[in-house]
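Okay, structure first, notes after.
So you know, we letter chains A, B, ... as the sequences are listed, proteins then strands, and number each from 1.
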Amino acid sequence: MIHHELAELFDNMADLLEFRNENPFRVRAYRRASAQLAQLSEDVRTLDAENRLTEIPGIGQDLARKIHEYLATGTVVEIERLKQQVPPSIFLLIQVPGIGPKTAAIIAERLKITSLAQLEAAAHDHQLCKLPGIQEVKEQKILKGLALVRQGQHRRTLGAALSLAQRLIEQLKALPDIRRIEIAGSLRRMKETIGDVDVLVSTAKPAAVMRQFTGGAWCRQVLASGPTKTSILTTDGMQVDLRAVKPEEFGAAWVYLTGSKDHNVRLRERAIRLGLKLNEYGLFRAASGRRVAGREEADVYKALGLDWIPPEIREDSGELDAAADHTLPRLIEAKDIRGDFHVHTNQSDGSNTLQELADAARRRGYEYLAITDHSQSLKIAHGLSEAAMTAQLARIAEANSTLRGLTLLSGAEVDILKDGRMDYPDRILKQLDVVIGSVHSGFNQPEATITNRILSAMRNRYVTFIAHPTGRLHGQREPYAVNLPAVFEGARETQTALEINASPTRLDLEASAARQAVAAGARIVLSTDTHRLDHLDHMTLGLGLARRAWLEPKDVLNCLRRDELLAWIQQKRNRP
DNA sequence: GCCGTTTTCGGCCCGACTGTTTTCAGTCG
């Protein structure tokens, strides 16, 4: 999406300025603008058209003009001109851990390097340590950094990082000197992708904990290690940063280590205005240095005049103002979820029987579960013929006659065909409680075509929600070209919900898009797209995304009671 | 380059670790 392009453009601009040794605050302004654009919860074209770009925090007159220029022409002259004046290799070089703008400048200017392979060759030939400010140790460090880039080029998906981190935490908990241990960083904020895992411990013996951490079986390589802070690469190839503090510092440290960076900056600026100083050790009076708070997160926020802010929304996107005004949203929680809407049985491409899925859903305390196998055209997933779907309906009805405490909703994940028609006729669809519309074909169609397919599906009165609205698969497939603002508007108009698909490689809609959808008046469905029993657990990821999107129970269909839900679905079917 | 319960100009968060240095710049988060 276009706001991601702008985010990258401004991040590049920040790199360029840093490389040229320009005013660091100007660099920061571009970085902050980039972060804001990446998570923009409104359509940037609309904001531009309505002259409201400067409403985005960190966007002033100048950056608004550059955004406008980019939207109008596809480029920003000033940035392009600056790019001409620096060696193109700097964008490559600063990707390498240990190489920042200063080192990149020296390497790029003295050796005419144009690729990471050349950088590696130069390091092996000991060309780097002939440069000023670089000795052999630094050269070796760059080689290690290069190896890291090669291994972990892609950020991990939230689901993968979460399970690896939880396993590691279980092992660390067994260490003798750890009093308390918690996940922090982007993982705690439930970002869609995770670069490294941050872990915070409280201990009276930090040095001992650091020794145990680097000496454990999980440690493949120590990247940096000091008395209170250590970074390692685990045997899974994941970078983990461990920070140790005293119990009375834990809350302040947890705030600091959870971030986001911009959220922290806002907190610290606020502290200064209040005559206080905030760091990872606590909140202090600026004048006397006397400690005001630090043991618990809530104490720190409270002393700053703020309600405690849930980690998922600590992104400098309005949460501080809301916390000061006591208007933070009551974010959706696991206990609000009454059911799952997107589940495949072994009749199509799932692994489990109807009964197994029903039992698992009941054990989770769900009130309802929609059974949604694939439709006939999706041969690769054994989509059900009309006859097979009719038989499936009978099985669901039969299962419901014996089930207690859980209702199975009959449903289907129905392909939206290349021409926009649904893959079952209405006489089938009308028999289903829940109809999912999905794009599984024609991914390369132009934006207008795909958007119209989805809009025409939404106009079908039997379609309850649109699954994975962008089709993106992390690390495998780019999103198809779709006009999301038009889809959001269509969703509102036709009373069709939109899915946050919690499957780890999908996470689609992403959080900023979901926030935009709800702002446009659409309802959201959280679903796991389960193909195997344990996939039901992915609801955790969907919840994380929903919380990042500031969603409250009223925004999400899963929070409705069964009768409320069916009434909501019926409402659309009854529309003129 | 942004921004204002102190400001339309003059500020702008804070600290750990590393390597190259003999007191600190660079990098990272």
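- Put simply, CG on A:D316 is 14 Å from C1' on B:dC12, counting in whole angstrom units.
- In this structure the side chain of A:E296 never reaches within 4.5 angstrom of the side chain of A:V300, judged on heavy atoms.
- In this structure, A:R167 fails the cation-pi test against A:W218, since its NZ or CZ atom is not both closer than 6.0 Å to the six-membered ring centre and inside 45 degrees of the ring normal.
- A:K261 comes within 4.0 angstrom of a base, heavy atoms only.
- No hydrogens or angles were tested; on distance alone, nothing pairs the side chain of A:D196 with the base of B:dG29 as donor and acceptor under 3.5 Å.
- Counting only heavy atoms from C-beta on, A:N279 has its side chain closest to B:dC14 among B:dG1, B:dC14, B:dC17.
- Distance check on atom C1': B:dC9 versus B:dC14 gives 25 Å, rounded to whole Å.
- In this model, the phosphate group of B:dC3 is not approached by any side-chain N or O of A:Q61 to a distance below 4.0 Å at OP1 or OP2.
- Using a 4.0 Å heavy-atom distance criterion, A:V222 is classed as making no nucleic acid contact.
- Annotation: side chain to side chain donor-acceptor pair (under 3.5 Å) contacts involving residues 278-287 of chain A, sequence neighbours excluded, comprise A:R243-A:E280, A:R243-A:Y281.
- Proximity note for A:A224 (side chain, C-beta onward) versus B:dT18, B:dG15, B:dA16: the nearest is B:dT18.
- Closest contact between the side chain of A:K102 and the listed nucleotides B:dG19, B:dG26, B:dC17 involves B:dG26.
- Whole-Å rounding puts the A:Q95 CD to B:dC28 P distance at 12 Å.
- A:R243 comes within 4.0 angstrom of sugar-phosphate atoms only, judged by non-hydrogen atoms across all strands, and of no base.
- Under the 4.0 Å criterion applied to side-chain N and carboxylate O atoms, A:R266 and A:D316 are assigned as salt-bridge partners.
- Contact annotation: A:K141 does not reach the phosphate of B:dC28 (side-chain N/O to OP1 or OP2, under 4.0 Å).
- Here the separation of B:dT23 from B:dG29, taken at their P atoms, is 29 Å to the nearest Å.
- Distance noted for atom C1' between B:dG4 and B:dT8: 8 Å (whole Å).
- Among the heavy atoms of the strands lying under 4.0 Å from A:G98 are primed sugar atoms or P, OP1, OP2 only; no base atom is included.
- Atoms CG (A:L304) and P (B:dC13) sit 15 Å apart, rounded to a whole Å.
- Listed nucleotides B:dC12, B:dT27, B:dG15 differ in distance to A:R28; the shortest reach to its side chain belongs to B:dC12.
- Comparing B:dG10 with B:dT22, their C1' atoms are spaced 35 Å from each other, to the whole Å.
- Residue A:Y30 is classed as a sugar-phosphate contact, given heavy-atom separations below 4.0 Å to backbone atoms only.
- Here A:G185 lies out of heavy-atom contact (under 4.0 Å) with every strand.
- A:T103 has a side-chain polar atom (N or O) that falls below the 4.0 Å cut-off from OP1 or OP2 of B:dT27.
- Checking A:T230 against A:I99, the closest nucleotide of DNA chain B that is more toward the 5' end is the one next to A:T230.
- Note on A:K66 versus A:D62: salt bridge recorded, some NZ/NE/NH1/NH2 to OD/OE distance being below 4.0 Å.
- Residue A:T228 places none of its side-chain N or O atoms closer than 4.0 Å to OP1 or OP2 of B:dG15.
- The side chain of A:K138 lies closest to B:dT20, out of B:dA16, B:dT20, B:dG1.
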Exercise. Before giving the answer on side chain to side chain contact (heavy atoms under 4.5 Å, CB included), spell out for A:V149 and A:K144 the whole-Å C-alpha distance, their side-chain angles and the decisive distance to 0.1 Å.
Key: CA-CA 9 Å; A:V149 170; A:K144 284 183 183 172; over 6 Å; no

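- Between the CG atom of A:L143 and the P atom of B:dT18 there is a distance of 18 Å, rounded to whole Å.
- Salt-bridge formation is detected for the pair A:E333/A:R330: a Lys NZ or Arg NE/NH1/NH2 atom is positioned less than 4.0 Å from an Asp or Glu carboxylate oxygen.
- Nearest nucleotide to the side chain of A:D241, out of B:dG1, B:dC14, B:dG29: B:dG29.
- A:L320 places its CG atom 14 Å from the P atom of B:dC13, with the value rounded to the nearest Å.
- With B:dG1, B:dG19, B:dA16 as the candidates, the nucleotide lying closest to the side chain of A:Y281 is B:dA16.
- In this structure, A:P132 and A:I272 both approach DNA chain B, and ranking their closest nucleotides by distance from the 5' end singles out A:I272.
- Side-chain proximity of A:L63 to the nucleotides B:dC17, B:dG1, B:dG19 is greatest for B:dG1.
- Using a 4.0 Å heavy-atom distance criterion, A:P227 is classed as a sugar-phosphate-only contact.
- A salt bridge links A:E297 with A:R314; the closest basic N to acidic carboxylate O contact falls under 4.0 Å.
- Heavy atoms of A:S231 sit nowhere under 4.0 angstrom from any nucleic acid atom.
- With respect to A:E315 and A:R548, a salt bridge is recorded, a charged nitrogen being found less than 4.0 Å from a carboxylate O.
- B:dA25: Watson-Crick or G-U partner is B:dT18, with both key distances under 3.5 Å.
- Using atom P as the reference point in both B:dT21 and B:dG15, the two lie 27 Å apart (nearest Å).
- Relative to the side chain of A:K229, the nucleotides B:dG1, B:dC13, B:dC17 differ in distance, and B:dC17 lies closest.
- Between A:R268 and B:dC13 there is no side-chain N or O to OP1 or OP2 distance below 4.0 Å.
- As rounded to the nearest Å, B:dT6 and B:dC12 have C1' atoms that lie 14 Å from one another.
- Picking from B:dG29, B:dG1, B:dT20 the nucleotide with the shortest atom distance to the side chain of A:A29 gives B:dG1.
- With C1' as the reference atom, B:dT7 and B:dT18 are 39 Å apart, rounded to whole Å.
- Taking atom CD of residue A:Q140 and atom P of nucleotide B:dT18, one finds them 17 Å apart after rounding to whole Å.
- With rounding to whole Å, A:I59 atom CD1 is found 10 Å from B:dG1 atom C1'.
- If you check every strand for non-hydrogen atoms under 4.0 Å, A:N264 touches nothing.
- Following rounding to the nearest Å, A:R270 (CZ) and B:dG4 (C1') show an atom-to-atom distance of 15 Å.
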